[in-house]
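The structure appears right after this line, and notes come after that.
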Amino acid sequence: MNNLEQTLSIIKPDAVERNLENEIKEMFKNKGFSILKQKKIQIEKSEAEKFYKVHETKPFYSDLCAYLSSGPIVVMVLEKDNAVIGNRELMGATNPIDAKEGTIRKKYGISIDKNSVHGSDSVENAKIEIDFFFKD
Ligand code: IDP
Ligand code: MG
């Protein structure tokens, strides 16, 4: 059954800095994702704090927000059937050490914090995150 979804993907500063933008986009396209919208931006720490608000009680919250705002990122709206779970599968586990062969984080992730990509974790959060970056 068709279940076309959109999800938010971010190529994080560690990957943009290493010029992996095009290689990572190729991995999405090879898996059948369409990139509907994209922009390269740098955000303020205060914006990262809003974006990652669900993690505000975690010990790594401040470092995480400092990191996401430390350099240019590429934010994208990806679309395909079951895009949310499909993107999570293609990204791989949060810690690159645990990520499976063939995933973005296995291939490019450096560490649990510099893990190269973000992806929405539910259809509901995908809508919120897409609005966060692309609401006109
Ligand atoms: P996810 O990115 O796979 O969805 P989340 O648990 O939502 O993982 O965490 C958001 C981000 O916070 C992760 O991508 C990672 O960069 C960072 N992070 C998660 N857990 C840790 C940790 O234990 N130490 C440092 N950073 C972490
Ligand atoms: Mg998450």
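Values below: every heavy atom of this structure, side chains too, minus hydrogens, waters and symmetry copies. Both ligands and their constituent atoms are indexed starting at 1 by order of listing. Residue indices begin at 1 and follow the sequence shown.
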Before signing off on this row, confirm whether [X] and ligand 1 have an N or O atom pair separated by under 3.5 Å.
X: Ile112; answer: yes
X: Arg105; answer: yes
X: Tyr52; answer: no

Walk me through it: do Glu23 and Lys107 pass the test side chain to side chain contact (heavy atoms under 4.5 Å, CB included)? CA-CA 11 Å; Glu23 275 140 277; Lys107 201 163 179 200; over 6 Å; no
Do [Y] and [X] meet the salt-bridge criterion of a basic N to acidic O distance under 4.0 Å?
X: Glu47; Y: Lys50; answer: no
X: Arg18; Y: Asp14; answer: yes
X: Glu21; Y: Lys40; answer: yes

Under 4.5 Å between any side-chain heavy atoms of Glu89 and Lys31, yes or no?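 They are not in side-chain contact.
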Minimum side-chain heavy-atom gap Phe134-Lys39 below 4.5 Å: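 Touching, per the 4.5 Å side-chain cut-off.
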[X] neighbourhood, listing ligand 1 atoms whose heavy-atom distance to it stays under 4.0 Å:
X: Asn115; result: 13 (C), 14 (O), 15 (C), 16 (O)
X: Asp113; result: 16 (O)
X: Arg88; result: 1 (P), 3 (O), 4 (O)

Protein contact of [atom] - nearest heavy atom, named by residue and atom, plus distance:
atom: atom 18 (N) of ligand 1; answer: Phe60 CE1, 3.5 Å
atom: atom 17 (C) of ligand 1; answer: Leu64 CD1, 3.8 Å
atom: atom 6 (O) of ligand 1; answer: His55 CE1, 3.8 Å
atom: atom 8 (O) of ligand 1; answer: Thr94 OG1, 3.3 Å

Record the part of Val54 in heavy-atom contact with ligand 1 below 4.0 Å; permitted values are side chain, backbone, both and neither.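 For Val54, no heavy atom sits under 4.0 Å from ligand 1.
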How does Met91 reach ligand 1, by side chain, by backbone, by both or by neither, if only non-hydrogen atoms under 4.0 Å count?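 None of Met91 does.
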Determine whether any heavy atom of Lys114 lies closer than 4.0 Å to an atom of ligand 1.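 No heavy atom of Lys114 comes that close to ligand 1.
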Would Lys37 and Phe133 satisfy side chain to side chain contact (heavy atoms under 4.5 Å, CB included), going step by step from the backbone distance to the final call? CA-CA 10 Å; Lys37 294 182 185 176; Phe133 283 109; over 6 Å; no
Could you tell me how the ring of Tyr52 sits relative to the ring of His118: parallel (under 30°), tilted (30 to 60°) or perpendicular (over 60°)?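 Perpendicular: the ring planes of Tyr52 and His118 meet at over 60°.
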Does a side chain donor of either Lys80 or Thr7 reach within less than 3.5 Å of an acceptor in the other side chain?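 Judged by distance alone, the side chains do not pair up.
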